[in-house]
Amino acid sequence: MTVKTRFAPSPTGFLHIGGVRTALFSWLYARHHGGQFVLRIEDTDRERSTQAAVDAILDGLAWLGLDHDEGPYYQTRRFDRYAEQADRLLREGKAYRCYCTREELEARRAEQMARGEKPRYDGRCRHRAGPVPGVAPVLRFVTPTEGVTVVDDLVRGRVEFQNAELDDLILVRSDGTPTFHFGVVVDDGDMGITHVIRGDDHLNNTPRQMHMIRALGYHLPAYGHLPMILGSDGAKLSKRHGAVNVLEYREEGFLPDALLNYLVRLGWAHGDQEIFTREEMIRLFDIAGVNASASRFDGEKLRWLNQQYLKSADPAGLAAPFAEQLKHAGFDPGAGPPAAAVIEAYRERAATLRDIAHSAGYLYGDRVQMDDAAARKHLTTAVGGALAQLAVRLGSLAEWTRGGIHEVMTSVATDAGLGFGKLGQPVRVAVTGGTVSPPIDVTLELVGRKRTLARLTAALSLTGSGTGA
RNA sequence: GCUCCCUUCGUCUAGCGGUUAGGACGCGGCCCUCUCAAGGCUGAAACGCGGGUUCGAUUCCCGCAGGGAGCGCCA
């Protein structure tokens, strides 16, 4: 049997980080077994579904490289099929028209709650004699009232439900549109989904869906219900925990593989291994090893992982997203050194591409933003002479390379009777405007000769030693 | 309220009857060092509680407590 899984988001908002983890595990399962991965857009709620949300979902999945083999299917384009299946159930006596009004249902629910009972439909229309004038009926499914339904969950193990706990759920609304449960069942059946991997908020819905699947004559899929991802404080993941929209992670300068790697370790592990390539994930992932308990999202660990990926990535391949970061930070990527060189110099001291863009602004223009406190501390009269000397020596340096720059700096420091650091830090402040940057020779190499000399000269006036030397 | 699920360091997790309970993030210390990092070494830090079963329970069973989900003409 060929494995076929699916990801079936509803386009009522952006692609949520929890949804991505569900998609990832479903995708991994299909890929691991050499199966198929289907994308289906569950847009039966026409009020809340938007094209913008569909685009965001497609965008997010594409960015992460979670490719699908079939779809995207849209439920709104399959209404005829749902109607056909609904008619069949009605004809076969497996469904019936219910004329209870929303108001009646609501009142009964309130009564049941007041009595301490589980609110559910009492099935009274199963035996109603005829239509009620003026009331557009819904179609309800005839759910067994006795016996137990067993879900053999790939993640949870065996879970039993008393059928008496279930009620006759609505298949088709009074306006003729299918409900979520009905759409899911018909779609999974028609599309030949073999493994339903989804969030554990659906575990309780599974037995009722299983009954519908049997009634429709489809094969039962295997189920795997994944635990939730919570915010850092254990509450439901929401905006206040930081980004929940995947695309925000792209905007913040995270790498897709790092995000996937972080997510795959939420609820799953392979011994002590922390870093997995895409191929390793596919090869090693096993749904049976997935934890049943919810986990919390830890942005710090994501940042750490992202840096690991930054450090081992091919810098040239990061040029495009890095250029985007520079633009967002207000810099012109063309006004500085090649992206790959900057990334290489900075990736040991930054967790994201955005961090790099925010640290390396001095490379992208002629002006530096001088940190006054740093200038007061490091650009002192005592180093004025050495800085002036350095400017002269660097001006005549044959080749502008870090090696040559380093030699000159060592030589100038020695001549001035200074330790390398006593010269290096003032130079750093002069050239970058701050106290933090890559190794000073690398920094100067990136800044370039012209700007370095101009900035050293400008710094001399701050040291109060005039032209010095 | 009813039904279902979950419970190892702060967090992510390894463990699948006998371990000094391991790793990772974060946090502290030391080393390295021109700054910041990165890296290396190192320290503190966990089996929710109560009953069983067993020679022996973190591990199996049952309660309890705590957390979560579901109970819509939402998905």
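No experiment lies behind these values; they were computed from the predicted model shown. Every chain is numbered from 1, with letters handed out A, B, ... down the list of sequences. The basis for the numbers below is simple: all heavy atoms, side chains too, and nothing from hydrogens, waters or symmetry mates.
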Between A:Tyr29 and A:His195, how do the two ring planes meet: parallel, tilted or perpendicular, split at 30° and 60°? tilted

Distance-only donor-acceptor check, side chains A:Thr12 and A:Ser49, under 3.5 Å: no

Can you check whether A:Leu353 reaches A:Phe254 side chain to side chain, under 4.5 Å on heavy atoms? no

Looking only at side-chain atoms of A:Arg208, point me to the closest of B:rA69, B:rC71, B:rU35. B:rC71

What nucleic acid atoms does A:Gln162 come within less than 4.0 Å of, heavy atoms only: base, sugar-phosphate, or nothing? nothing

Measure from the side-chain heavy atoms of A:Ser293 and tell me the nearest of B:rA69, B:rU7, B:rC2. B:rU7

Among B:rA75, B:rG68, B:rU13, the nucleotide that comes nearest once only the side chain of A:Ala269 is considered: B:rU13

Considering only heavy atoms from C-beta outward, does the side chain of A:Arg102 approach that of A:Ser174 to under 4.5 Å? yes

Nucleotide B:rC34, atom P - distance to CG of A:Leu444 in whole Å: 15 Å

Which base sits across from B:rU35 as a Watson-Crick or G-U pair, both distances under 3.5 Å? none

Check whether any side-chain N or O of A:Thr177 sits under 4.0 Å from OP1 or OP2 of B:rC73, and answer yes or no. no

Among B:rC2, B:rC34, B:rA69, find the nucleotide with the atom closest to the side chain of A:Arg428. B:rC34

Any base atoms under 4.0 Å from A:Gln75, or only sugar-phosphate, or nothing? Heavy atoms, all strands. nothing

Measure the shortest side-chain to side-chain distance between A:Thr5 and A:Ile193 over non-hydrogen atoms and say whether it is less than 4.5 angstrom. no

Going by purine N1 to pyrimidine N3 plus the second Watson-Crick contact, or the G-U wobble pair, all under 3.5 Å, which nucleotide sits opposite B:rA65? B:rU7

Nucleotide of B:rC36, B:rC25, B:rU3 approaching A:Arg349 most closely (side-chain heavy atoms): B:rC36

Side-chain donor or acceptor of A:Glu445 paired with backbone N/O of A:Ile405 under 3.5 Å: no

Picking from B:rG39, B:rC36, B:rC73, the nucleotide nearest the side-chain atoms of A:Val138 would be B:rC73

Under 4.0 Å between any heavy atoms, over every strand shown, what does A:Gly424 touch: base, sugar-phosphate, or nothing? Just pick one. nothing

Considering Watson-Crick and G-U wobble pairs with both distances under 3.5 Å, what does B:rC47 pair with? none

Taking atom C1' in both B:rU13 and B:rA45, what distance in whole Å separates the two? 15 Å

Looking only at atom P, what distance separates B:rG39 and B:rC61, rounded to whole Å? 41 Å

When all nucleic acid strands are considered with a 4.0 Å heavy-atom cut-off, which category describes A:Asp201: base, sugar-phosphate, or nothing? sugar-phosphate

For A:Gln112, answer base if it contacts any base atom (sugar-phosphate contacts may also be present), sugar-phosphate if it contacts only those atoms, and nothing otherwise; contact means non-hydrogen atoms under 4.0 Å. nothing

Using Watson-Crick geometry (N1-N3 plus N6-O4 or O6-N4) or G-U wobble (N1-O2, O6-N3), each under 3.5 Å, B:rA21 is paired with none

Nearest listed nucleotide, side chain of A:Met113, among B:rC2, B:rG1, B:rC25: B:rG1

Please walk me through it: do A:Asp200 and A:Arg156 pass salt bridge (Lys or Arg N to Asp or Glu O under 4.0 Å)? CA-CA 9 Å; A:Asp200 72 0; A:Arg156 316 272 151 167; 3.0 Å; yes

Winner on side-chain proximity to A:Lys311, out of B:rA75, B:rA38, B:rC4, is B:rA38

For A:Tyr309 together with A:Trp304, are the ring centres under 6.0 Å from each other? no

Strictly below 4.0 Å, heavy-atom distances to any atom of RNA chain B: list the hits from residues 8-21 of chain A, or just say none. A:Ser10

For A:Val155 and A:Pro438, take the nucleotide of RNA chain B holding the closest heavy atom to each; which residue's nucleotide lies nearer the 5' end? A:Val155

Pick the nucleotide of RNA chain B nearest each of A:Gly289 and A:Gly421; which residue has the one closer to the 5' end? A:Gly289

Considering every strand and a 4.0 Å limit on heavy-atom distances, what is the contact class for A:Met409: base, sugar-phosphate, or nothing? nothing

On the ring face of A:Tyr121, is A:Arg140 found with NZ or CZ under 6.0 Å from the centre and within 45° of the axis? yes

What is the minimum heavy-atom distance between A:Val431 and A:Val368, and which atoms define it? O-CG1, 3.3 Å

Under 4.0 Å, counting only non-hydrogen atoms across every strand here, what does A:Ser174 touch: a base, just sugar-phosphate, or nothing? base

Mind calculating the distance between CG (A:Asp200) and P (B:rU7) to the nearest angstrom? 12 Å

Find the distance A:Gln307:CD to B:rC36:P and express it as a whole number of Å. 16 Å

Using the C1' atoms only, state how far B:rA57 lies from B:rG15, rounded to an integer number of Å. 13 Å

Looking at the side chain of A:Met228, which of B:rG68, B:rC73, B:rC34 is the nearest nucleotide? B:rG68

Go through the steps for A:Glu104 and A:Arg108 under the test salt bridge (Lys or Arg N to Asp or Glu O under 4.0 Å), then give the verdict. CA-CA 6 Å; A:Glu104 288 168 344; A:Arg108 274 178 239 154; 3.7 Å; yes

Return the polar atom pairs (N/O with N/O) between nucleotides 10-12 of chain B and the protein under 3.5 Å, or none.
unit_1 : atom_1 : unit_2   : atom_2 : d
B:rC12 : OP1    : A:Arg296 : N      : 3.0
B:rC12 : O2'    : A:Arg265 : O      : 2.9

Hey, do the aromatic rings of A:His211 and A:Phe161 have their centres closer than 6.0 Å? no

When you get a sec, tell me which of B:rC73, B:rU35, B:rC4 is the closest nucleotide to the side chain of A:Phe161? B:rC4

Going through the distances and angles, do A:Phe297 and A:Tyr262 end up as a ring pair (Phe, Tyr, Trp, His ring centres under 6.0 Å)? CA-CA 9 Å; A:Phe297 192 89; A:Tyr262 176 71; 5.1 Å; yes

Mind calculating the distance between CG (A:Leu226) and C1' (B:rC5) to the nearest angstrom? 13 Å

Taking any heavy-atom pair under 4.0 Å as a contact, classify A:His202: base, sugar-phosphate, or nothing. base

Would you classify A:Arg48 as touching base, sugar-phosphate or nothing, given that sugar-phosphate means primed atoms plus P, OP1 and OP2, and contacts are heavy atoms under 4.0 Å? base

Spacing of A:Asp167 atom CG relative to B:rC73 atom C1', expressed in whole Å: 13 Å

Report the distance from atom CG of A:Leu305 to atom P of B:rU13, rounded to the nearest whole Å. 13 Å

Look at all strands and tell whether A:His270 reaches a base, only sugar-phosphate, or nothing, counting heavy atoms closer than 4.0 Å. nothing

Starting at atom CG of A:Asn204, determine the distance to atom P of B:rG1, rounded to an integer number of angstrom. 17 Å

